[in-house]
Amino acid sequence: MAAGGKAFKAIDPCSGAELEGEFSAAGLNEVDAALNLAEKAAAIYRYTDKKTKAAFLRSIAQEILAIGDELIERAMSESGLPLARLQGERGRTAAQLNMFADLVEEGSWVEAVIDNALPDRQPAARADIRKMHIPVGPVVVFGASNFPLAFSVAGGDTASALAAGCPVVVKAHPAHPGTSALAAEAIKKAAKKYDLPEGVFSILYDDGYTVAEALVKHPKTKIVTFTGSYKGGMSLLKMAQQRDEPIPVFAEMGSINPVILLPEALENRYAQIAEQYAASITLGGGQFCTNPGLLIALKSAGLEKFKKALNEAIEKLGSSTMLTPGICKNYSQVSEEMLQEQGVSVIGRSGNLNKDKSSQALPLVAEVSASSFLVNAKLKQEVFGPYSLLVTADYELELPQIVSALHGQLTASIVADESDLVKYKPLIQSLTGIAGRVILNNVPTGVEVVQAMQHGGPFPATSDSRFTSVGTGAIKRFVRPVSWQNWSNDLLPDELKDDNPLEIWRLVNNKWSKA
């Protein structure tokens, strides 16, 4: 905890009560101290050997698991999320750290390229040129509200930045400071175990915006990562661009994740699809960034049967505890505002409110015609919570118009049978133009932590669609390429030396080799 700042406490969203433990908001001095330490650490940590870095990452995972029930119980109290969800998230957090440890230990992620000298080339000789990725420097990570473990203090952003060789300064999310403190202590223990410099990791607390602004504007910050709202992400982006030295902000800013329900699939599987999507819309209280917030379908008999089944599935579900009282209030307000828009009506709505708990949100699925949707910008905005909007097209020609009207998305899904896939091929192909992940006959909720995962999409889903925040590709956000020209072998980094002492894959004179 930072010393001397304004004290605040976490709130249990289920009861509205304050939780034990005071946290002191950091001041500008603490921000400056953390980034000065991070800069000093960067000069050392970038040269730490890959086996030590890998062991450090694995040790963080071990320390997090070693906290045991205390971590899960605190996260439950601060987020309102259920036991099983947080146990799974803890496992995911450890798995991410171990995945990046494997990546670092293997070593080929630096993408070493060697083009040997051609002294006899005519009309001019070619110098020896070699290239690889190097870490950029201190990274500021903003913890996410909806994933207090996997996208927070020791989450994917921190894991991938540390794997790249960058020190990390975390701005803890004010909704779960106790959970953040426990995870931070695990990282510090692991760093001390491997005698890493003090500034390789720091954490700061604040329940307002002062620390956030200071971190982004600090001249020693080189990169910022953020998972949250469009408003929050854009605020950080603008601050970063107004600096004397503009820096990248890798912001994930929400998505409505459109799902196209094609006619044959609805006719043949309407009940199964309704159950599947009712569960996905309400999973985790609808507080996933991949929540299917928009359903798109062509008017048909199958669609009517699907709507009836979806209504029945939604009506059976109970209310969900939202992450914070503020998020709950916003959901209630925005979802009701959507129902006041021209042409919007209710398909299904749960009335099963849990009156014994606070911050409760009821699932809601609404419907609007394609013609009304296309002219109403508000209907294209994310409603963060257990909400989805069905857009019904009267004509097939309206389907591509709906897709064209959408902003960038994290995901886009198709529910289709074989005949649908043939008939609507151009429509399906168009989805790669708006989304980072395109899904067939599956729900978008659930993001696998694998090398092939792309968790990022065109603006405004993310600030830079070329990168992912999940999977091994996330490491590329924190590095830049450097070329060494005409250097003697003994002065080159090990990754670029002739004898390949690290035994990594390299592109040597246009051929992949470990030689």
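Everything quoted here is computed from the prediction, not taken from an experiment.
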Could Glu111 and Lys131 be called an ion pair, given the rule that one side-chain N must be under 4.0 Å from one carboxylate O?
-> no
With the threshold set at 4.0 Å, does a side-chain nitrogen-carboxylate oxygen contact exist between Arg85 and Glu89?
-> yes
Given side chains that start at C-beta, do those of Ser145 and Ile327 come closer than 4.5 Å, heavy atoms only?
-> yes
Ion pair Lys217/Asp244, N-O distance below 4.0 Å | no
Heavy-atom check, side chain of Met322 versus side chain of Asn330, under 4.5 Å | no
Identify all side-chain donor-acceptor contacts of residues 224-234 below 3.5 Å with residues at least two apart in sequence or on another chain.
| from | atom 1 | to | atom 2 | distance (Å) |
| --- | --- | --- | --- | --- |
| Thr225 | OG1 | Asp157 | OD2 | 2.9 |
| Ser229 | OG | Gly232 | N | 3.0 |

Pro174 versus Phe23: any side-chain heavy-atom pair under 4.5 Å?
-> no
Under 30°, 30 to 60°, or over 60°: which ring-plane class applies to Phe478 and Phe250, parallel, tilted or perpendicular?
-> perpendicular
Taking only residues two or more places apart in sequence or in another chain, which ones pass side chain to side chain donor-acceptor pair (under 3.5 Å) with Asp490?
-> Ser488
Side-chain touch Ile64/Leu97, heavy atoms, less than 4.5 angstrom | yes
Among Ile434, Asn291, Ile439, Thr445, which residue meets the side chain to side chain contact (heavy atoms under 4.5 Å, CB included) test with Thr411?
-> Ile439
Is there a side-chain contact between Cys289 and Ser255, using heavy atoms and a 4.5 Å cut-off?
-> no
Taking 4.0 angstrom as the limit, do Glu105 and Arg58 come out as a salt bridge?
-> yes
Side-chain touch Trp109/Ile504, heavy atoms, less than 4.5 angstrom = no
